[in-house]
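Read the numbers this way: they start at 1 and go in the same order the structure lists the ligands and their atoms. Counting begins at 1 with the first residue of the sequence.
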Amino acid sequence: MSRTIAVLGGTGPEGFGLASRWAIAGETVVVGSRDPKRAQEAAGKIKQRAGANAKVTGMENSAACAAADLLVLTIPFEGHVALLKQLKPEFRAGAIVVDATVPLAASVGGRASRTLGVWQGSAAQQAAELVPSGVAVVAAFQNVGAEILNAEGPVDCDVIVCSDDAEASKTVRALAAKIPGVRALDGGKLENARILEQITALLIGLNIRHKGHSGIRITGLPPAAYSGH
Ligand SMILES: NC(=O)c1ccc[n+]([C@@H]2O[C@H](COP(=O)([O-])OP(=O)(O)OC[C@H]3O[C@@H](n4cnc5c(N)ncnc54)[C@H](OP(=O)(O)O)[C@@H]3O)[C@@H](O)[C@H]2O)c1
């Protein structure tokens, strides 16, 4: 399938890691940034990692949104509302927004091992309120750390995908499964995003306490649950 994936905030470690992994997998990727020059620089670095044939470009966030079928939000929570409002006129019909944003208390000067209360329940649910109708929101990738994505080799993490749109969830599970080592699971409705976002704060606390790069694996489900379908 020919499609374009825009990773907004792809100049930061999380978005850069995801964009690199998908570029390596042969996807067409646009790195989004507030500054087109920074986006192009990041795209150039991804090409170095993914190979000269990698289909990666860099654009300002609104242009990246207008060029994409699937958008991944990897920006700090403090910029979440403003960016989604900025993007609203730019979405393609039928676009999918994948939200990896975590409302960490660090956004307001607090600890990275704590989350903020979000009125809608989670950052992803906040996104669902801000996108135009016909744009599906999917929560995923909150529990895969940038250090792991940016390291070489397989990613020892499962990705739990939550959405109220079954088709969009399936599309994102297939995309997640393109990252070697990742198993993508259907985590149910978008309201479960609040749990995914809380787990990130726990993982950050574990990383600080034990000096590592933790991730999650789900055990005990039938093989079909891990197949990404
Ligand atoms: N880091 C991780 O391991 C990890 C793991 C799971 C989830 N996450 C979540 O993923 C998101 C990104 O994480 P990160 O560590 O990559 O964050 P980051 O480095 O702080 O930010 C990523 C990018 O977002 C852009 N940005 C910064 N402030 C912004 C604002 N106010 N409005 C719009 N864009 C802004 C910046 O790009 P430009 O300046 O180029 O626009 C920056 O490079 C966060 O919500 C985080 O909680 C991170």
Side-chain angles (χ1 to χ4, degrees), residues 6-21 29-46 56-65 71-88 90 97-116 118 122-127 130 137-151 155-162 172 176 179 182 193-208 211-216:
V7 183
L8 307 189
T11 55
E14 182 71 6
F16 187 90
L18 288 169
S20 304
R21 293 287 182 161
V29 179
V30 179
V31 176
S33 166
R34 290 168 294 182
D35 175 354
K37 205 160 161 265
R38 241 186 343 262
Q40 285 151 16
E41 279 167 14
K45 285 185 193 149
I46 290 174
V56 198
T57 50
M59 298 180 193
E60 185 279 324
N61 286 325
S62 290
C65 177
L71 286 105
V72 185
L73 302 184
T74 54
I75 54 148
F77 182 68
E78 61 264 34
H80 193 251
V81 169
L83 179 63
L84 283 159
K85 284 184 176 170
Q86 175 195 326
L87 298 179
K88 197 160 189 174
E90 310 295 343
V97 173
V98 184
D99 204 348
T101 306
V102 181
L104 295 177
S107 288
V108 292
R111 293 188 189 174
S113 54
R114 290 180 178 165
T115 56
L116 297 170
V118 182
S122 63
Q125 288 167 289
Q126 176 170 274
L130 293 166
V137 174
V138 179
F141 304 109
Q142 295 91 338
N143 307 141
V144 185
E147 296 275 355
I148 305 170
L149 287 167
N150 286 306
V155 167
D156 186 16
C157 296
D158 287 340
V159 170
I160 301 175
V161 179
C162 299
V172 175
I179 302 173
V182 165
R194 73 187 75 189
I195 305 170
L196 301 183
E197 294 174 11
Q198 299 288 327
I199 290 172
T200 307
L202 181 70
L203 295 176
I204 292 170
L206 288 169
N207 292 346
I208 294 168
K211 300 185 179 15
H213 306 297
S214 54
I216 57 166

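Residues Thr101 and Pro103 are not in side-chain contact: their nearest non-hydrogen atoms beyond the backbone lie 4.5 Å or more apart. Residues Val155 and Arg21 have side chains in contact (heavy-atom distance under 4.5 Å, counting atoms from C-beta outward). No side-chain heavy atom of Val144 sits less than 4.5 Å from a side-chain heavy atom of Asp158.
More than 12 heavy atoms of other residues, nucleotides or ligands sit less than 6.0 Å from atom CZ of Arg38.
For residues 71-86, the side chain to side chain donor-acceptor pair (under 3.5 Å) pairs, not counting sequence neighbours, are Glu60-Gln86, Ser62-Gln86, Glu78-Ser107, His80-Asp99, His80-Gln126.
A donor-acceptor pair under 3.5 Å links the side-chain atoms of Thr200 to the main chain of Leu196, judged by distance alone.
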Are any protein N/O atoms closer than 3.5 Å to the N/O atoms of ligand 1? If there are, list each pair with names and the distance to one decimal place.
{"residue": "ligand 1", "atom": "3 (O)", "partner": "Glu14", "partner atom": "OE1", "Å": "3.4"}
{"residue": "ligand 1", "atom": "3 (O)", "partner": "Ala146", "partner atom": "N", "Å": "2.8"}
{"residue": "ligand 1", "atom": "16 (O)", "partner": "Pro13", "partner atom": "N", "Å": "3.3"}
{"residue": "ligand 1", "atom": "16 (O)", "partner": "Glu14", "partner atom": "N", "Å": "3.0"}
{"residue": "ligand 1", "atom": "26 (N)", "partner": "Arg34", "partner atom": "NH2", "Å": "3.4"}
{"residue": "ligand 1", "atom": "28 (N)", "partner": "Arg34", "partner atom": "NH2", "Å": "3.4"}
{"residue": "ligand 1", "atom": "37 (O)", "partner": "Thr11", "partner atom": "OG1", "Å": "2.8"}
{"residue": "ligand 1", "atom": "39 (O)", "partner": "Arg34", "partner atom": "NH2", "Å": "2.9"}
{"residue": "ligand 1", "atom": "39 (O)", "partner": "Arg38", "partner atom": "NE", "Å": "3.3"}
{"residue": "ligand 1", "atom": "39 (O)", "partner": "Arg38", "partner atom": "NH2", "Å": "2.8"}
{"residue": "ligand 1", "atom": "40 (O)", "partner": "Thr11", "partner atom": "OG1", "Å": "2.7"}
{"residue": "ligand 1", "atom": "40 (O)", "partner": "Ser33", "partner atom": "OG", "Å": "2.5"}
{"residue": "ligand 1", "atom": "40 (O)", "partner": "Arg38", "partner atom": "NE", "Å": "3.0"}
{"residue": "ligand 1", "atom": "41 (O)", "partner": "Ser33", "partner atom": "OG", "Å": "3.4"}
{"residue": "ligand 1", "atom": "41 (O)", "partner": "Arg34", "partner atom": "N", "Å": "2.8"}
{"residue": "ligand 1", "atom": "41 (O)", "partner": "Arg34", "partner atom": "NE", "Å": "3.0"}
{"residue": "ligand 1", "atom": "43 (O)", "partner": "Thr11", "partner atom": "OG1", "Å": "2.8"}
{"residue": "ligand 1", "atom": "43 (O)", "partner": "Gly12", "partner atom": "N", "Å": "3.2"}
{"residue": "ligand 1", "atom": "45 (O)", "partner": "Ile75", "partner atom": "O", "Å": "2.7"}
{"residue": "ligand 1", "atom": "45 (O)", "partner": "Val102", "partner atom": "N", "Å": "3.2"}

